[in-house]
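Just below is one structure, and these are the notes that go with it.
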Number of protein chains: 2
Amino acid sequence: MSDIRDVARRAGVSVSTVSYAFSGKRPVSPGTYQRIMQAADELDYAPDAGARMLRAKRNQIVALSAPLRPGQNRASYADYFIEMASCEHDRGYDSLLLTAENGVEDIRRVTRSNLADGVVLMDLVDDDIRATQAASYGRPCVALGLPRQHTACACVDLDFDLMGRMAVEAMAEAGRKRLLFLEDLEGEYRRGSGFRLILLRSLKTWARRLGMDLQLEPGPTGSDLAYTQQVLDIIHHDRIDGLIGQIRPSLLDTVVVRMRSDGMNIPDDVAVLSCAAGKTSPTLELQGISEMPLTPRSLCAKAADLLTQAVEEGASLAGRVLLERPTLIDRASISRQKQEAA
Amino acid sequence: MSDIRDVARRAGVSVSTVSYAFSGKRPVSPGTYQRIMQAADELDYAPDAGARMLRAKRNQIVALSAPLRPGQNRASYADYFIEMASCEHDRGYDSLLLTAENGVEDIRRVTRSNLADGVVLMDLVDDDIRATQAASYGRPCVALGLPRQHTACACVDLDFDLMGRMAVEAMAEAGRKRLLFLEDLEGEYRRGSGFRLILLRSLKTWARRLGMDLQLEPGPTGSDLAYTQQVLDIIHHDRIDGLIGQIRPSLLDTVVVRMRSDGMNIPDDVAVLSCAAGKTSPTLELQGISEMPLTPRSLCAKAADLLTQAVEEGASLAGRVLLERPTLIDRASISRQKQEAA
DNA sequence: TTGTAAGCGTTATCAA
DNA sequence: TTGATAACGCTTACAA
């Protein structure tokens, strides 16, 4: 590969002019610029990342800490780091994917060696060590989630506490008394998945405050149909009149179809709301089920903006919290008259 | 941050000794080594990635080209690049996640700038430009898939051609005549997803050769139950006696449960085989359904080994093809007596 | 508008 | 076993 001097020679200019032509940090006359770019093209020149890093101390690389853990719902997980990488790319950054279960060590390695300009934490648990250790990275750090301790990093997330409240209040306004919450995969709660626990806690709190009954149904383990049957039994047996689901849309859809063929009316007999179902779902839309979707794209964009600012303008991220207000997409499955969207 | 000279000074040795102590490329006496490591520790020293890159021309970084495309089944996609990153990590490499839809440009950027030591291509389509352009990267490249043109890169994949043959032959041996293939999400075929098309073609070829009927059922678009009902209708109407599914396990499970409650016997009335269902599935195991699982972990490990070899020993990858033999996990859902595992 | 030259922090060669 | 030192390719302050 040719280097900057080959290009300079060929274009008949000095190396600094070539450097400035590429970085744009100094004006270069149009003619000179043209000659340089042509020479670079002919020589198939690209600036060496190592050399650039060594001098400039900025590499346009961020670390994406996405630890692999047993019991993870990978399908919904994937959305986040794909979107995150894509958002970073839009802002001129490449993403280093760190998947080691103990994230801290890897993050330290890539930040201390000046490989990564910033850090994004994904899949946070309530007592996430990666967040508590954020101060030691020496680089801006933003968490896609809301760990308990977050003094040294920024946090971006949906406001799951509010989501729980909104869900319960919507049910209350529709006159519901006996709620059933369909949990996501059991492993997720056991391992302490941050947002799932926040939502769950909020649901409990608000159900209690509003004097409603809240029953929990653990996520499906065996066959969809057996699960569905069990849910139907509970609805009948315990006279459930409000269903809030964090299960995957296709499964909630099955539950709904079976409810209807069992003669139940939605929302007259049972109100149904899908929570955190992974984007807005065509299947649920078809069934007319209201939902409060997750918004990976928008959250990742916000996180990326925050991080870029911190990296490029030195803005401090410590302790900043950005909670996005959940949206209730009302399809009249909670009460007949549409409620106001949040 | 302190640099190598600070460490050298503190340990009372020269910089080169410190360098060798870290790289291990030259023996260092135990006492010296100790002093150096302690000094490094006290100073919180870590070698600068940029400087190291500039000199050594190797960065322990690979590029993972994982383009985002509309119509992708992200759930199954995710498994691959998570595993890939994890395999690379095990071998001492970090992974750069490239998600731009036009992968070639990004790959060129990170290889020509000496950022990445090697390239892994994921989610290949039959006429994948990334593979045809592999020679222009100037770095070893391995594809996780089998694009038509692959003279400049290595290919690692399950042998989906053989998988199709094995599936059809298993059905033939069990005396089946009329097969139904349950396709994955429709979008995947339309966009030309490599392995799905190879499997489909192979199924068609072998069904024809063995004089069997093969009918195709497009992937589910609406509700699981509507889809299931439609499949049942077809089985009845067309007297299907062999079912091969590439749909997600939970959905095939639903189909199977409904078949049984409809009075069908598996395998006596209809033989059932799950193909490419994403690892081995607990749900299908419970139902006693045979499967030929995907093997992300093992494929990624092979790809990583190949790439590491090429990067570290200069082995050429051009044109190498590594096809893994599919495994038939026989749970007696094709014929009563177990068949020999492949 | 352009050029000169001093580093950046490592690695590796050569010498001791 | 260890040390001194010249690269590596680029960026940027300073000079013209």
Side-chain angles (χ1 to χ4, degrees), chain A residues 1-37 39-40 43-61 92 109-117 138 312, chain B residues 1-37 39-40 43-61 92 109-117 138 312:
Chain A
M1 262 291 266
S2 41
D3 67 13
I4 200 172
R5 285 178 307 206
D6 300 323
V7 178
R9 208 173 303 128
R10 184 164 192 127
V13 297
S14 72
V15 289
S16 61
T17 306
V18 176
S19 174
Y20 285 119
F22 271 90
S23 73
K25 293 192 180 172
R26 188 166 93 172
V28 172
S29 74
T32 312
Y33 184 83
Q34 281 253 319
R35 285 208 317 286
I36 291 175
M37 286 310 161
L43 294 171
D44 195 36
Y45 166 79
D48 180 88
R52 172 170 268 178
M53 253 156 108
L54 178 55
R55 282 303 318 223
K57 295 295 169 215
R58 267 249 306 287
N59 326 311
Q60 304 297 104
I61 293 179
R109 183 172 53 78
V110 299
T111 52
R112 296 198 330 162
S113 69
N114 295 319
L115 220 199
D117 299 330
E312 294 177 5
Chain B
M1 263 290 267
S2 41
D3 66 13
I4 200 173
R5 286 179 305 210
D6 299 325
V7 179
R9 209 173 303 128
R10 184 165 193 125
V13 297
S14 73
V15 288
S16 56
T17 306
V18 177
S19 174
Y20 285 118
F22 271 90
S23 73
K25 293 190 182 172
R26 187 165 94 173
V28 172
S29 74
T32 313
Y33 184 85
Q34 283 254 317
R35 285 208 318 287
I36 291 175
M37 287 309 160
L43 293 171
D44 195 35
Y45 165 80
D48 181 88
R52 174 169 264 180
M53 253 156 110
L54 178 56
R55 282 303 318 220
K57 295 297 169 213
R58 268 247 308 284
N59 327 310
Q60 305 297 102
I61 293 179
R109 183 172 53 78
V110 299
T111 52
R112 295 197 331 161
S113 69
N114 296 319
L115 220 199
D117 300 330
E312 294 177 6

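Lettering follows sequence order; numbering is per chain, from 1. None of these values were measured; they are calculated from a predicted model.
Atom pair B:Ile36:CD1 and D:dT1:P shows a separation of 13 Å (rounding to whole Å applied). Rounded to whole angstrom, the span from the CZ atom of A:Arg35 across to the P atom of C:dT1 amounts to 14 Å. Residue B:Arg26 contributes atom CZ, which lies 11 Å from atom C1' of C:dT11 at whole-angstrom precision. In this structure, the OH atom of B:Tyr20 is 16 Å from the P atom of D:dT5, given to the nearest Å. Atom CG in A:Asp3 sits about 9 Å away from atom P in D:dC8, given to the nearest Å. Here the C1' atom of nucleotide D:dG9 and the CG atom of A:Asn59 are 15 Å apart, to the nearest Å. Distance, B:Arg9 CZ to D:dT2 C1': 18 Å, rounded to whole Å. The CG-P distance, from A:Asp48 to C:dC8, rounds to 18 Å in whole Å.
The base of D:dG3 has none of its N or O atoms less than 3.5 Å from a complementary donor or acceptor on the side chain of B:Arg5.
At least one donor-acceptor pair under 3.5 Å links the side chain of B:Asp3 to the backbone N or O of B:Asp6. For B:Ser113 (side chain) and B:Arg109 (main-chain N/O), a donor-acceptor pair under 3.5 Å exists by modelled atom type.
Residue B:Ser16 places none of its side-chain N or O atoms closer than 4.0 Å to OP1 or OP2 of D:dT5. Note on A:Thr32: every side-chain N or O is 4.0 Å or more away from OP1 and OP2 of C:dT1. Within the 4.0 Å cut-off from OP1 or OP2 of C:dG3, at least one side-chain nitrogen or oxygen of A:Thr17 is found. Between B:Arg52 and C:dT11, a side-chain N or O to OP1/OP2 separation shorter than 4.0 Å is present. When the side-chain nitrogen and oxygen atoms of A:Ser19 are compared with OP1 and OP2 of D:dC10, none of them lie within a distance under 4.0 Å. Phosphate proximity of C:dA12 to B:Lys25: present, with a side-chain N or O under 4.0 Å from OP1 or OP2.
Within 4.0 Å of B:Val15, counting heavy atoms only, lies at least one base atom of the nucleic acid.
Contact of the A:Leu115 side chain with the B:Ile61 side chain is registered, since non-hydrogen atoms from C-beta on lie closer than 4.5 Å.
Closest to the side chain of A:Ile4, from the set D:dT2, D:dC10, C:dG9, is D:dC10. Out of C:dC8, C:dT10, D:dC8, the shortest distance to the side chain of B:Tyr45 is found at C:dT10. Nearest nucleotide to the side chain of B:Arg55, out of D:dA7, C:dG3, C:dC8: D:dA7. Set against C:dG9, C:dT10, D:dC8, the side chain of A:Lys57 has C:dG9 as its closest nucleotide.
Atom CD of A:Glu312 is separated from atom CG of A:Asp117 by 8.5 Å, given to the nearest 0.5 angstrom. Expressed to the nearest 0.5 Å, how far CE of B:Met37 lies from CZ of B:Phe22 amounts to 4.5 Å. Going from atom OG of B:Ser16 over to atom CZ of B:Arg26 covers 5.0 Å, rounded to the nearest 0.5 Å.
Taking all atoms of both residues into account, the shortest heavy-atom contact from A:Val7 to A:Ala40 is CG1-N, 4.0 Å.
Taking for each of B:Leu54 and B:Pro27 the nucleotide of DNA chain D with the nearest heavy atom, the 5'-most of the two is the partner of B:Pro27.
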What donor-acceptor contacts under 3.5 angstrom involve side-chain atoms of residues 46-56 of chain B, with partners at least two apart or in another chain?
| residue | atom | partner | partner atom | Å |
| --- | --- | --- | --- | --- |
| B:Asp48 | OD1 | A:Asn114 | ND2 | 2.8 |
| B:Asp48 | OD2 | B:Gly50 | N | 2.9 |
| B:Asp48 | OD2 | B:Ala51 | N | 2.8 |

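Over its length, the helix from C:dT1-D:dA16 to C:dA16-D:dT1 turns its helix axis by 30°, as judged from the five terminal pairs at each end, rounded to 10°.
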